[in-house]
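Have a look at the structure below, then the notes.
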Amino acid sequence: MQFKDQIDFVSQHIKKNKLRVFMTILAATMGTAFLIILASVGFGIQDTLKKEILDNRLVTQVEVYAADLTIDKANEMKKLDHVKAVVLRQEVNAFQETTLDKYKGQSGLLVSDFEEEKKAGFALEEGRLPNGKYEVVVGHDFAKNLMNEEEVEKFQNQQQGNKLNEEEQAELELPHYKGDLLGMEIAYEIGSYETNESYKEPIKLTIVGIAKAPAKDFILDGKLYADASLIPELEAIYKSHQAEESEDSLFYPNLNVYADELQNVKGITTSLKDDGYSVYSISEELEQIDVFFLALKAGLIFVGTIAILISSIGIFNTMTMAVTERTREIGVMKALGAKPKLIQRLFLLESAWIGIIGTVIAVLLSYAISILANYILPLIVGAALGEEDFNELNVTFSIIPWQLVVIASAISIGVAMISGWRPARKATQIDVIDALRREL
Amino acid sequence: MIHVEHIQHSFKIGKKGKERPIPVLKDLSFEVQKGSIISIVGRSGSGKSTLLHIMAGFLKPESGKITVNGTVTSDFNETQSAEFRLAQFGFIFQNFQLMPGLTTFENIELPLKLKGVSKAERTQLVKQLIQHVGLKEVQDHYPNELSGGQQQRVSIARALITNPPIIFADEPTGSLDSETEQEILALIRSLNESRGITFVIITHDDEVASIADEIYQMHDGVLKAGGVHHAI
């Protein structure tokens, strides 16, 4: 029998039992769509989490911890393969005071190598990077730290008149420097933590740039970024005020290594670990997240497959009924010379047809539900939680990658064919003589 | 053409484990000549239908041998048997055994579909035959829209469409009135004469049997030759 004739034969029978076949396809569709949607939620959440991590943190960064991190060691690390930059930041560990006109602040200063900072992705909002030792870049929120005592006192007196609760008071922003920063000269002093006073040996620094705001809104960057060439001068001031035997260091080092690409982070992390450093990188977290989500998705697909198995009972019933109803016809076909394999193929084709149509509808339906869920769910969740910012988080609830479509289709069509297998076998075993004796 | 040699067969009846065999065919041997019509006559339960089922390959005999055109068919498996039937045999059944969901045209076309004949060739062959057996008027009718005689004509046309050398007819006029019976018997006789088709007819009706060149009487599983008639 030609394949086209087999298809004709199957479609003729399907047309004859439209309602029953429709209900079976509906069950197959629901099972498959359930599987796809369920797993797509796993894919969606994983994608959202990964994006959040990739957006908000430097994924190529490897934090290095050790007792003595020096410039020499940093230079050693630069020689490792796939290292893009090694940034050794040294933060001043002492009382600090900054003065700009009549405004004072206690911003912390750190020194670094700006060549490396630039390679690592240090970005400016305005101005340029320092060229000499008396030039600095200030953090995005530097101005908020500069205050005038008189103005603050006046402001607080004013506020006492307004009866504000604690929360409202906390939200009030104290008056601070609002003028230009670029090109301004500031006086920077270090001092003692014990007295909370400076040593009265100011260093004049010129602001040449303003750093970009940190990715996380709740972090305020009020730091001063100076060139490493300032270190000797600061150390000289510090030492002159310390007891001779003191071994306290003015600087607290902090070292980050940056890989050229995400996939190379692991190699760098391993070789640094081998060299005896304690290291931390976000890629380790990402790996754990991937493992967790792989398990979650496998679990969701398993639950979804159960739905498909339930729908397969429908296919099994429909096909068993079809064989029982057509016993006489099968008998006649066998009597005329139809081979058992042909009979089996005709019934398998019918159950595969149910599986294929059910799967195609399920895939289309799943995409529609997925698109709709990603559009509507953030609105509902946002409204329910009363958080207006929810939409800005860019949460993806459901993603259907092509691999999921392939897996779900294979499971669904496979299960449909397995369900049709037994009835099809039964059809081949029909006894011609018994079948011909049956009444119409 | 067909050699039946020492065929024996019995059915098992009774509960599982306690079955007892009832012999149906007892050492049957006979021969069917090419281009002849033979009738096997007997009462219900005499074993004549079982003999036809064994000759057609629906059933395997317990012992004995059947040879058709030089091929031993009694050893065939189900698939070989089906292939052989499609190529060599045509069937006419008492209750026509037409497919209720197919039209006259489609019912006649079915064996050609099973053979894998192309659509164009099928259409041409069926059209010719429909004309020949006088079913043109009802070619688009479904079986339930046809009279008994017309249904049996469709059944005969379906048996003829693959041009088989042998046609088995099991009570071909059992469901028809006497007038229609005469028509069908005349058709069988003319097909035998014009196309040289060998007919094996199973019947309990002496009148039907009388169109045969050779008549066998079946009684309690034993076959006896019963003479030569030419009634029509």
Side-chain angles (χ1 to χ4, degrees), chain A residues 1-21 318 321-350 353 424-440, chain B residues 11 49-50 52-54 56-60 76-103 106-122 142-144 151 155 158-159 161-162 164 168 170-171 175:
Chain A
M1 203 175 196
Q2 291 180 344
F3 188 68
K4 197 186 154 291
D5 291 328
Q6 294 177 25
I7 298 286
D8 279 351
F9 186 88
V10 169
S11 53
Q12 240 168 14
H13 285 292
I14 287 171
K15 273 183 206 155
K16 242 184 354 188
N17 291 299
K18 271 187 213 139
L19 184 65
R20 192 165 69 204
V21 174
T318 299
M321 284 287 285
V323 171
T324 310
E325 275 179 1
R326 284 181 231 155
T327 299
R328 199 187 63 84
E329 287 180 44
I330 296 164
V332 173
M333 283 181 71
K334 283 178 91 172
L336 295 179
K339 283 181 249 175
K341 275 215 167 139
L342 173 68
I343 305 282
Q344 183 174 338
R345 204 177 316 134
L346 290 175
F347 281 92
L348 280 179
L349 266 176
E350 193 166 328
W353 191 89
R425 286 288 306 162
K426 198 181 148 195
T428 66
Q429 287 156 2
I430 283 172
D431 183 64
V432 178
I433 301 163
D434 282 348
L436 294 180
R437 277 194 197 120
R438 290 203 178 201
E439 288 301 310
L440 281 174
Chain B
F11 288 125
S49 285
T50 306
L52 181 132
H53 293 156
I54 286 174
F58 299 158
L59 197 62
K60 263 193 167 190
F76 278 164
N77 64 26
E78 216 182 324
T79 304
Q80 290 169 321
S81 197
E83 270 174 5
F84 195 81
R85 276 202 294 276
L86 192 57
Q88 302 286 330
F89 299 158
F91 292 94
I92 303 168
F93 300 102
Q94 178 181 3
N95 44 8
F96 326 125
Q97 302 290 8
L98 300 175
M99 296 285 194
L102 302 182
T103 61
E106 290 163 341
N107 262 298
I108 297 169
E109 191 187 20
L110 185 58
L112 293 177
K113 275 190 176 178
L114 293 177
K115 262 190 148 176
V117 176
S118 73
K119 172 100 183 157
E121 201 183 333
R122 279 189 331 238
Y142 287 94
N144 62 359
Q151 286 191 58
S155 171
R158 184 178 65 184
I161 192 71
T162 53
F168 291 101
D170 189 1
E171 304 279 8
S175 307

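Note that the coordinates shown come from a computational prediction; the quantities given were computed from them, not determined experimentally. Residue numbering restarts at 1 for every chain, and letters A, B, ... go by the order of the sequence lines.
Residue B:Leu110 holds its CG atom at 10.0 Å from CG of A:Asp5, rounded to the nearest 0.5 Å. To the nearest 0.5 Å, atoms CG (B:Leu114) and CG (A:Leu336) are separated by 6.5 Å. Distance CD/B:Gln97 to CZ/A:Arg437: 11.5 Å, rounded to 0.5 Å. Taking CD from A:Gln2 and CG from B:Leu112, the interatomic distance works out to 11.0 Å, rounded to the nearest 0.5 Å. Residue A:Ile433 holds its CD1 atom at 5.0 Å from NE2 of B:His53, rounded to the nearest 0.5 Å. Put simply, CD on A:Gln12 and CD on B:Glu106 are 5.5 Å apart, with the number rounded to the nearest 0.5 Å.
Ionic pairing of A:Asp8 and B:Lys119 is not present here: no N-O contact between side-chain nitrogen and carboxylate oxygen is shorter than 4.0 angstrom.
Pairs of residues two or more places apart, or lying in two chains, that qualify as side-chain hydrogen bond (donor to acceptor under 3.5 Å, both in side chains) and include a residue from residues 78-90 of chain B are A:Lys334-B:Glu78, A:Lys339-B:Glu83, B:Asn69-B:Gln88, B:Ser81-B:Arg85.
Interface with chain B: from residues 341-350 of chain A, residues A:Leu342 qualify, criterion being any non-hydrogen pair under 4.5 Å.
Using a 4.5 Å cut-off between heavy atoms, B:Phe58 touches chain A through backbone and side chain atoms alike.
Of all heavy-atom pairs spanning A:Ala335 and B:Phe91, the tightest one is O-CE1, 3.3 Å. Considering all non-hydrogen atoms of both residues, A:Ala338 and B:Ala82 come closest at O-CB, 3.7 Å.
Residues meeting the side chain to side chain donor-acceptor pair (under 3.5 Å) test with A:Glu325, sequence neighbours left out: A:Arg20. For B:Ser155, the side chain to side chain donor-acceptor pair (under 3.5 Å) criterion is met by B:Gln152, not counting sequence neighbours.
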